[in-house]
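Notes for the one structure printed next.
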Protein chains: 2
Amino acid sequence: MVTINDIAKKAKVSKSTVSKVINNYSGVGDDTKEKVLKIMKENNYWPNSVARSLSTKKSYTIGIFGPQILNNFFFREVFEGIEAVMGDKGYDLLYFTNKQWDESWVDYSYKEKCENRNVDGVIMMGYGKVNIAQFDRLLNSEIPSVFIDLDLVGSNTSYVTSDNTGGAKKAVEYLYSLGHRKIAMIRGLNGFKVATDRFVGFQQAVKALNLPYNSKWMFDGDYSMETGYRSMEKILKLDKKPTAIFAEDLIAVGAIKAIREAGLKVPADFSVIGFDSIEVGRHYNLTTIAQDQIGLGQAASKLLLNIINQKSFSPIILPTRLIEGETCKKI
Amino acid sequence: MVTINDIAKKAKVSKSTVSKVINNYSGVGDDTKEKVLKIMKENNYWPNSVARSLSTKKSYTIGIFGPQILNNFFFREVFEGIEAVMGDKGYDLLYFTNKQWDESWVDYSYKEKCENRNVDGVIMMGYGKVNIAQFDRLLNSEIPSVFIDLDLVGSNTSYVTSDNTGGAKKAVEYLYSLGHRKIAMIRGLNGFKVATDRFVGFQQAVKALNLPYNSKWMFDGDYSMETGYRSMEKILKLDKKPTAIFAEDLIAVGAIKAIREAGLKVPADFSVIGFDSIEVGRHYNLTTIAQDQIGLGQAASKLLLNIINQKSFSPIILPTRLIEGETCKKI
DNA sequence: ATAATTAAATAAACCGGTTTCGAAGGAAGT
DNA sequence: ACTTCCTTCGAAACCGGTTTATTTAATTAT
């Protein structure tokens with residue numbers, strides 16, 4: 001590997017001078033600069049980021065944490081948005097793997113890992129709920145951080161999320177406009193921020209529209225087709241059945257499977273509306289409240305860059321959008 | 001951030017001694033070691049990876065390049081396999097973003113980026129075909145690299161791939177066993193290694209089984225539903241129609257859409273067999289030749305670690321597996 | 001008691017950059 | 001001609017670690 005010393009030697013100047021040329025600082029004569037640039041090019045020299053990062057404390061690297069990013073349809077697209085913005089600004093992405101630490105490592109966590117690798121900032125995604133102790137040290141550190149879907153703020157922390165409450169309202173209002181009055185909801189993971197927000201929106205709309213609220217039409221589960229399938233099985237056994245089901249996309253798809261396997265049809269027998277707009281839902285022509293996944297990633301990135309560059313920042317809530325597929329019908 | 005000097009000062013020893021403790025080297029008395037460890041723990045000290053990497057040339061970071069990783073269903077799962085193995089061994093993953101460089105940066109490519117960030121090795125994925133000049137400098141460098149689905153080898157380079165040829169054969173033989181004789185193939189991107197291999201396997205099987213080969217049943221396209229849809233439209237207009245279609249999953253799903261929209265059914269009117277076994281295909285109960293995506297990621301990681309650790313290595317070809325869904329039928 | 005051996009600890013150089021500060025040299029001002 | 005002021009450049013310190021070589025101290029051998 002060719003280093004700054006090699007270049008200095010070949011150009012017969014000091015390494016300080018080469019450094020100044022690299023960084024385009026003043027204090028270097030035109031002819032010297034010319035000469036150094038020429039030699040840099042001839043030797044295909046690129047300054048080592050690691051060494052540079054050691055002295056400048058700036059690494060042009062953004063850390064990414066997330067327990068379930070890679071398993072998750074949703075975050076794959078968020079990642080896409082992050083890559084676009086960060087790549088454009090010259091940052092690379094450091095994905096922290098989830099090694100199983102033994103107990104003696106409990107204090108080696110987000111903050112320490114970030115400091116350790118000198119990342120300029122970090123995006124936290126895929127964490128469903130806040131475990132105070134877990135994020136405490138990170139929040140109280142100097143490290144710029146942006147959370148996706150967790151409303152944490154601090155002097156160097158902010159977040160982006162979709163308007164989950166508003167989106168859920170929108171779903172209910174849409175079903176209402178189609179004539180539905182009895183609406184079931186299969187919720188995502190209990191305690192998860194987004195699931196809770198959506199439930200709140202659902203309840204607000206139900207109340208505002210004066211719809212019947214039946215606790216037997218409410219289900220908890222995780223973010224899986226399985227949950228949708230099982231919950232729908234239970235709905236099918238009820239005497240008083242709802243006419244429409246509201247659930248996150250993957251869950252909604254599971255519900256649709258259960259409906260079809262029972263010999264019934266969507267939307268003829270049940271209307272189903274999802275939330276998310278993930279790839280899979282699109283294949284079912286699912287009517288859904290779409291989030292802008294790529295937009296979330298982009299927004300998170302821009303927000304993080306603002307924090308890093310000491311510009312003003314505040315949380316960003318992205319609007320949702322109704323996508324009419326073929327799983328809801330007027331009754 | 002607490003540094004090695006802070007620890008040295010507090011423990012009243014030299015930084016060399018602290019370093020030896022960190023690395024568990026000999027030459028440190030038991031009581032001194034004890035004392036240093038205690039102070040390290042009290043101050044929640046973790047040695048800075050960047051500084052360490054600068055002097056040791058080892059960063060515990062694996063680079064990942066790929067033009068389309070994040071857009072791609074397939075590579076999302078490969079990534080999962082990589083994360084599992086690399087995380088387990090204590091490596092983090094550096095995802096190189098794809099900045100648009102201006103022309104003056106042509107020589108700043110894979111090799112330079114890797115050297116720049118001191119990655120210990122690199123996994124190249126999502127590159128469909130070999131552009132010699134593109135990979136030349138990387139292959140001739142000291143940087144351990146593993147390609148996924150491109151058969152490049154070198155003194156520090158190897159690759160992993162699925163048995164694409166064998167898999168394609170398997171698909172044809174399966175259709176044959178169901179009574180199919182007229183088989184169409186919609187190929188992936190022209191010139192792409194995997195697409196070519198599969199076509200070769202297809203042809204070998206057709207020949208071996210003495211099946212009719214009709215060039216009108218052969219289609220080129222890209223890896224998209226659109227390709228499947230358009231090609232199937234053409235097939236439906238043929239006088240002599242095939243009875244079965246072989247295509248990569250996403251393409252197969254597009255074909256199924258076209259068949260259904262024409263008022264026909266799968267597998268009643270056409271049998272369809274895919275290749276890949278991506279999530280989307282599973283929702284269509286697609287019969288397919290499955291690759292082991294996670295396994296590919298794991299194999300690539302282990303292979304790379306072998307190269308890094310100077311152990312013997314050779315390319316790895318993973319077997320494929322027939323998954324019987326509901327899109328093929330006996331005729 | 002002295003020399004030889006071994007273990008423990010440190011000083012100093014190094015990794016590849018950046019940054020501060022002072023020296024050298026030329027141009028301008030008086 | 002002498003001071004003053006820029007401009008250009010390089011020496012040296014620094015970032016936070018590792019590693020080599022050497023000093024110091026304690027142990028053992030003679």
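Letters A, B, ... mirror the listed sequences (proteins, then strands); counts begin at 1. Remember, predicted model here, so these are calculated numbers, not experimental data.
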Rounded to whole Å, please give me the gap between [atom1] in [X] and [atom2] in [N].
X: A:Asp6; N: C:dG16; atom1: CG; atom2: P; result: 8 Å
X: B:Arg52; N: C:dC14; atom1: CZ; atom2: C1'; result: 17 Å
X: B:Tyr45; N: D:dG16; atom1: OH; atom2: C1'; result: 7 Å
X: A:Asn118; N: D:dG16; atom1: CG; atom2: C1'; result: 9 Å
X: A:Met1; N: C:dC15; atom1: CE; atom2: C1'; result: 9 Å
X: B:Asn5; N: C:dA12; atom1: CG; atom2: C1'; result: 14 Å
X: A:Tyr60; N: C:dG17; atom1: OH; atom2: C1'; result: 15 Å
X: B:Lys9; N: D:dG16; atom1: NZ; atom2: P; result: 11 Å

Under 4.0 angstrom, heavy atoms only, what part of the nucleic acid is [X] near: base, sugar-phosphate, or nothing?
X: B:Ser16; answer: base
X: B:Thr56; answer: sugar-phosphate
X: A:Gly29; answer: sugar-phosphate
X: A:Lys58; answer: nothing

Quick one: do the [X] and [Y] side chains pair a donor with an acceptor below 3.5 Å?
X: A:Arg117; Y: B:Thr61; result: yes
X: B:Glu112; Y: A:Asn44; result: yes
X: B:Asn43; Y: B:Asp6; result: no
X: B:Ser19; Y: B:Ser16; result: no
X: A:Thr97; Y: B:Asp92; result: yes

- Task: Taking only the side-chain nitrogens and oxygens of A:Lys57, find out if one of them lies under 4.0 Å from OP1 or OP2 of C:dT18.
- Result: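 Looking at the OP1 and OP2 atoms of C:dT18, neither is under 4.0 Å from any side-chain N or O of A:Lys57.
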- Query: Is A:Ser14 near enough to D:dG10 that one of its side-chain N or O atoms lies under 4.0 angstrom from OP1 or OP2?
  - Reply: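 Yes, such a contact exists.
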- Message: Between D:dG10 and A:Lys15, counting only base atoms on the nucleotide and side-chain atoms on the residue, is there a donor-acceptor pair under 3.5 Å?
- Response: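 Flag unset: no donor-acceptor pair detected.
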- Does the gap between the ring centers of A:Tyr127 and A:Phe135 come in under 6.0 Å?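 Aromatic pair counts; centres sit under 6.0 Å.
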- Proximity of A:Tyr95 and B:Tyr95 rings by center, below 6.0 Å: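 When the ring centroids of A:Tyr95 and B:Tyr95 are compared, they turn out to be at least 6.0 Å apart.
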- Among the candidates D:dG16, C:dT18, D:dC9, find the nucleotide nearest to the side-chain atoms of A:Ile4.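 That would be C:dT18.
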- Proximity to the side chain of B:Thr17 - top-ranked nucleotide from C:dT10, D:dG10, D:dG17: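 For the B:Thr17 side chain, the nearest candidate turns out to be C:dT10.
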- Item | Minimal non-hydrogen separation, A:Val21 against A:Lys33, with atom names |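 That closest heavy-atom pairing would be CG2-CA, 4.2 Å.
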- Enumerate the residues from residues 18-25 of chain A whose closest heavy atom to DNA chain D is under 4.0 Å, giving them by residue number; use none for an empty result.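 A:Lys20 - these, ordered by number, are the residues of the stretch whose heavy atoms sit under 4.0 Å from the strand.
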- Item | Residue whose nearest DNA chain C nucleotide is more 5′ - B:Thr32 or A:Val50 |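 The residue closer to the strand's 5' end, by nearest nucleotide, is B:Thr32.
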